[in-house]
J.: 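Before we start, here is the structure in question, set down as structure tokens.
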Amino acid sequence: MVQQRHPVLFTSAVAIVPLVALAVPSYRGYIDLGPGGLPHNVFGWLLQGALRPLAVKSTLDRSALQKPGVSSSYEPHGDTRFLREPLAQRRGERPVIPDYVAPQRQATQKGDAALISRMNSHLSDLATSRPEALAVKPSGLEAKENPALWLVGAPLPKYLAKGTKGEIVHVHPEASSHMVLSLKDAEEAMAKGWAELHPLSGVMGWLPLPYVMIYAPRDEEEFGVWTKFVDAAVAFTTAEQH
């Protein structure tokens, strides 16, 4: 019997088999998400796994946005509301978000290529209308083929300088997006079911705390809400330039 002749080898093999059974679907799921900010291979999968102990416990927990003194890192406008109109409750359930540190993506309620093109065109139009403050360039947080809206032409706010380097909005291949909102707007977006934190939001200064994932618009009305979030992100991050 193998277990009698080579007990250590047999025990090791028995222990490894369950780990492999868990790892293979996890790796395949990571690859199925498509390219993101981490390498789209086994090394990226291992890296996001290594970051898991540092990630927030729940991307739906708003309590970190409400802690006393947290706004000091986002002064003078962290507690300012930049959403111009009352935010309605998002209809239905939240989309399914696979449990990876990065990339953060929706597995359900995805948008199509036409929607993604329209969202990116909106970012381009904003940059064209305010070239002194905004530009569209390849994302530094996502795959290089992902365009992003960047803050340019002025010293960056401290909360952007270390983490996003000035990147304020980008759209993902399934039409969700990441953006930097004020603490007040991020909290409201999450409370009303439109958003959740990135797993590394506020972690070691890598990403700003109010760096949130906005779910993909499902219809014309929700596209309009998404543009309001983008406007709020631009208003917040450019507020010190006025």
Side-chain angles (χ1 to χ4, degrees), residues 30 33 36-38 47-74 77-83 87 89-90 92-110 139-142 146 148-149 157-172 174-217 222 225-226 228-230 232-234 236-237:
Y30 173 82
L33 294 177
L38 300 179
L47 179 56
Q48 69 82 29
L51 291 171
R52 172 55 59 189
L54 300 175
V56 299
K57 292 182 179 179
S58 170
T59 56
L60 298 177
D61 184 2
R62 309 192 307 275
S63 62
L65 299 167
Q66 305 164 343
K67 288 183 178 179
V70 71
S71 64
S72 62
S73 297
Y74 304 94
H77 303 291
D79 279 334
T80 302
R81 188 181 193 278
F82 290 93
L83 288 166
L87 189 60
Q89 186 73 35
R90 183 179 183 271
E93 298 182 353
R94 293 175 186 263
V96 174
I97 311 297
D99 189 26
Y100 296 95
V101 174
Q104 189 180 33
R105 297 285 190 269
Q106 292 181 206
T108 59
Q109 305 179 22
K110 300 179 181 180
S139 175
L141 300 170
E142 280 289 338
N146 276 46
L149 189 65
K158 292 181 180 179
Y159 59 84
L160 290 182
K162 180 179 179 181
T164 75
K165 305 295 191 296
E167 185 171 342
I168 54 178
V169 183
H170 60 248
V171 180
H172 302 139
E174 88 295 1
S176 67
S177 54
H178 279 129
M179 61 185 73
V180 182
L181 298 174
S182 72
L183 294 166
K184 186 73 69 177
D185 288 341
E187 181 182 351
E188 184 175 1
M190 292 174 65
K192 296 294 181 62
W194 295 94
E196 61 186 75
L197 297 173
H198 187 281
L200 297 178
S201 291
V203 175
M204 300 176 65
W206 290 336
L207 293 172
L209 178 58
Y211 180 85
V212 295
M213 178 190 196
I214 303 293
Y215 305 137
E222 291 194 359
V225 174
W226 178 81
K228 293 174 183 177
F229 283 130
V230 174
V234 170
F236 170 51
T237 54

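This structure is a prediction, so every number in the text was calculated from the model and none was measured.
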J.: Please report the closest heavy-atom contact between A186 and V212, naming both atoms and the distance.
T.: CB-CG1, 3.9 Å
J.: Yes or no on side chain to side chain contact (heavy atoms under 4.5 Å, CB included) for L54 and W206, after CA distance, side-chain angles and deciding distance?
T.: CA-CA 11 Å; L54 300 175; W206 290 336; 3.5 Å; yes
J.: So which heavy atom on A55 is nearest to which on L200, and how close?
T.: CA-CD2, 4.2 Å
J.: Keeping the roles fixed (side chain from K162, backbone from Y159), state whether a donor-acceptor pair exists under 3.5 Å.
T.: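 A pair under 3.5 Å: no.
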J.: Are the side chain of E196 and the backbone of L60 linked by a donor-acceptor contact shorter than 3.5 Å?
T.: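 No: the side chain of E196 does not pair with the backbone of L60.
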J.: Can the ring centres of H77 and F236 be said to be less than 6.0 Å apart?
T.: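 Ring centroids of H77 and F236 are no less than 6.0 Å from each other.
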J.: Report yes if the side chains of F229 and L83 come closer than 4.5 Å at any heavy-atom pair, otherwise no.
T.: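 Yes, at least one pair of side-chain atoms sits under 4.5 Å.
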J.: Does NZ in K192 sit with more than 12 non-hydrogen atoms of other residues, nucleotides or ligands closer than 6.0 Å?
T.: yes
J.: Do P210 and D185 have side chains that approach each other closer than 4.5 Å (heavy atoms only, starting at C-beta)?
T.: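 Heavy-atom side-chain distance check fails, nothing below 4.5 Å.
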J.: Please round to the nearest 0.5 Å and tell me the distance separating atom OG1 of T237 and atom CD1 of I168.
T.: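 Going from OG1 on T237 over to CD1 on I168, the span is 3.5 Å.
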J.: Specify the closest pair of heavy atoms between F82 and A232, including all atoms of both residues, with the distance to one decimal.
T.: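 Minimum heavy-atom contact is CB-O, 3.8 Å.
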J.: Spell out, as yes or no, whether a donor-acceptor pair under 3.5 Å connects the side chain of N146 to the backbone of V171.
T.: yes
J.: Would you say the side chain of L65 lies within less than 4.5 Å of the side chain of L209, judging by non-hydrogen atoms?
T.: yes
J.: Backbone N or O of Q106 within a donor-acceptor pair of the E174 side chain at under 3.5 Å?
T.: yes
J.: More than 12 heavy atoms of other residues, nucleotides or ligands under 6.0 Å from CD of Q89: yes or no?
T.: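 More than 12 heavy atoms, drawn from other residues, nucleotides or ligands, come within 6.0 Å of this atom.
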J.: Which atoms form the tightest heavy-atom contact between V230 and M179, and what is the distance?
T.: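 That closest heavy-atom pairing would be CG2-CE, 3.8 Å.
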J.: Exactly one of Q109, R90, R94 should register a side-chain hydrogen bond (donor to acceptor under 3.5 Å, both in side chains) with Y215. Which one does?
T.: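 When side-chain hydrogen bond (donor to acceptor under 3.5 Å, both in side chains) is applied between Y215 and each of Q109, R90, R94, only R94 qualifies.
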J.: Give the ring-plane orientation class for H172 versus H178, where under 30° counts as parallel, over 60° as perpendicular and anything between as tilted.
T.: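 Because their plane-to-plane angle is over 60°, the rings of H172 and H178 count as perpendicular.
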J.: Hey, mind stepping through W194 and E188 against side chain to side chain contact (heavy atoms under 4.5 Å, CB included) and telling me if it holds?
T.: CA-CA 9 Å; W194 295 94; E188 184 175 1; over 6 Å; no
J.: Considering residues at least two apart in sequence or located in another chain, which fulfil the side-chain hydrogen bond (donor to acceptor under 3.5 Å, both in side chains) criterion with K228?
T.: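 Expected list: E85.
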J.: Could you give the distance from CD (E187) to CZ (R62), rounded to the nearest 0.5 Å?
T.: 6.0 Å
J.: Any side-chain heavy atom of L183 sitting closer than 4.5 Å to one from S71?
T.: yes
J.: Can you tell whether the side chains of R105 and E142 come within less than 4.0 Å, N to carboxylate O?
T.: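 Looking at R105 and E142, the cut-off is met.
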J.: Please report the closest heavy-atom contact between R52 and Y100, naming both atoms and the distance.
T.: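 Closest approach of R52 to Y100: NH2-C, 3.5 Å.
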J.: Between L197 and D61, what is the shortest heavy-atom contact and its length?
T.: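 Residues L197 and D61, closest heavy atoms: CD1-O, 3.7 Å.
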